[in-house]
There are 2 protein chains.
Amino acid sequence: MAEMDGTYAYDKYAHEPFAVTADLAVLTILDGVLHVLLVERGQEPFKGHWALPGGFVQPDESAETAARRELAEETGLSDVSGLHLEQLRTYSEPGRDPRMRVVTVAFTALLPHPPPDSLRGDPHLASLEPHGGSDAAQARWVPYDKAGPLAFDHDRILADAQERVGAKLEYTCLATAFCPPEFTLGELQHVYEVVWGTALDRPNFRRKVLATPGFVAPVPGAARLTGGRGKPAALYRAGTATALHPPLLRPTPEGHPA
Amino acid sequence: MAEMDGTYAYDKYAHEPFAVTADLAVLTILDGVLHVLLVERGQEPFKGHWALPGGFVQPDESAETAARRELAEETGLSDVSGLHLEQLRTYSEPGRDPRMRVVTVAFTALLPHPPPDSLRGDPHLASLEPHGGSDAAQARWVPYDKAGPLAFDHDRILADAQERVGAKLEYTCLATAFCPPEFTLGELQHVYEVVWGTALDRPNFRRKVLATPGFVAPVPGAARLTGGRGKPAALYRAGTATALHPPLLRPTPEGHPA
DNA sequence: TTCTTTATAGTCGTAGTGACTATTAAGGGG
DNA sequence: CCCCTTAATAGTCACTACGACTATAAAGAA
């Protein structure tokens, strides 16, 4: 390990130091479409380009703590503690930032579409105020498909995040993290369809979800009436289970045997 | 993202710099038991303790490049380019290293048990020479279960690595990375049994592997004779497939419904 | 009303798998 | 040399899970 390299012990700054940042791919479903939270850069390099939110890891915090703090700062959400935040991977290629050596620990966060009241802030984040010092930046929800070329290697980070989330939907109960506290099975299915980009058979999806103990729990005596156009759907809450055994595999577009 | 923080742009060293290391959990199967490659620390802190191999990421290399280089240096293996190396996760909690702020990108590597000739070096790495400057260190294969308390937070990294590998065996063809170029289905099954710590039904395992196109490919006209005590087994090579659809789920120890 | 929309209920056939029981082909011990 | 052990391979059977359906229920819209 690093600590065994004698060079370091003798000269703490014999090695060029790295800047470490925590960047976030914050995903949500807005108007039935997968959206990602982006900020517009207010200074060079990539001034005027859109990028993933994030920021420096401070000396006294872990990358995850930094990610959570940056998320709260840049989105205006007040209660970020209950959010599902997951480390994606770390990007360390030289040259990622033209100015200096930056190592980025990327995280993925999932937000319910209509943010519940517990997460205060603009419900749709239509116009987020820039928050920081000399930077003039705006933050905005952007449809995943239209998240054009981003600054740095953020296109790749975003693609990795989407792929990871899609994969995790298969074998975890993560989909409920996209849903408000109470949701219908149709909404839950929509999460899968939007992230995977494929349609699912509704009765089969329903059967699978209900057959998985702890995936969802019915809300005691409620049905959703006024909103929908069809038959009112039963409301559910997220259950206690986290894993999905056996997994809910996405339909195989290519000729997979299964 | 980090680059948007005005503070940094005005004073490059306004933030305390981080040291970045790449550490490795190198796993293999030796004598039918899961082993991990450890090095003994030759200096404080944790002098005399065992730790995962690793080292500093140099200014001109990525964490993965550094991991590969360190692996080659510390194990004496010459051809490390074909090795399966996968980023595990990044550990960034303050206080991981009592001396300074160190962010570690951890990797997992899988090695075939009898290292093929293409990977030169001591076949069993029984006595690796320490390689670096002022450090007196030895490297050794240690059974996973006996990899006692390690230096720093390496116990957790190692546990994470084992868990990750176990999970990946379920839905990838990764198990062949533990096997020499030509192997029997019994050896492949043993990989699963050792990593998962459970016994598998041999006919069922065989059926599953052979039914998955591209998992393994038979060696043209060979059977292994002299070695085993029973009926000679057919030899296979790793196939071209990487994913396992549907997955090969480990037996559910607790009351999973599946 | 009738049509449309969505939720829910249920059916049927099949792939995949867990739990088995043979059978084959080697080596080792008497 | 025969028999026992060991391990690979072949095959069976039942049950689960799932894909592809059809049918019914309950709302709003035309």
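On a predicted model such as this, the values are computed, not experimentally measured, just so you know. In what follows, chains are A, B, ... by sequence order, proteins preceding strands, each numbered from 1.
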Whole-Å distance separating the OH atom of A/Tyr236 from the P atom of C/dA7: 11 Å

In whole Å, what is the span from the CG atom of A/Leu188 to the P atom of C/dA7? 12 Å

What residues form a salt bridge (Lys or Arg N to Asp or Glu O under 4.0 Å) with B/Arg164, not counting sequence neighbours? B/Glu86

When rounded to whole Å, the NZ to P distance for the pair A/Lys208 and C/dT8 reads 19 Å

Return the value, rounded to whole Å, for the distance between atom CG of B/Leu249 and atom P of D/dA17. 12 Å

Can B/Tyr91 and B/Asp23 be counted as having a side-chain donor-acceptor contact under 3.5 angstrom? no

What is the distance, to the nearest angstrom, from the CD atom on A/Gln189 to the P atom on C/dT8? 11 Å

Rounded to the nearest Å, what distance is computed from the CG atom of residue A/Leu200 to the C1' atom of nucleotide C/dT6? 16 Å

Among residues at least two apart in sequence or on other chains, which ones pass salt bridge (Lys or Arg N to Asp or Glu O under 4.0 Å) with B/Arg89? none

Just list the side-chain donor-acceptor pairs under 3.5 Å for residues 142-150 of chain B, sequence neighbours left out, or say none.
none

Non-neighbouring partners of A/Glu163 that pass salt bridge (Lys or Arg N to Asp or Glu O under 4.0 Å), sequence neighbours left out: A/Arg250

Here the distance between atom P of C/dG29 and atom CZ of B/Arg229, to the nearest Å, is 10 Å

Between N or O atoms, less than 3.5 Å apart, protein on one side and nucleotides 20-25 of chain D on the other: list the pairs.
unit_1, atom_1, unit_2, atom_2, d
D/dA20, N7, A/Asn204, ND2, 2.9
D/dA20, N6, A/Asn204, OD1, 3.2
D/dA20, N6, A/Arg207, NH2, 3.3

Distance, rounded to the nearest Å, where B/Phe183 contributes CZ and D/dA7 contributes P: 20 Å

From C-beta outward on B/Pro232, which listed nucleotide comes closest to its side chain: D/dT6, C/dA26, D/dC18? C/dA26

Give one of base, sugar-phosphate or nothing for A/Arg206, where a contact means two heavy atoms less than 4.0 Å apart. sugar-phosphate

Non-neighbouring partners of A/Arg237 that pass salt bridge (Lys or Arg N to Asp or Glu O under 4.0 Å), sequence neighbours left out: A/Glu182

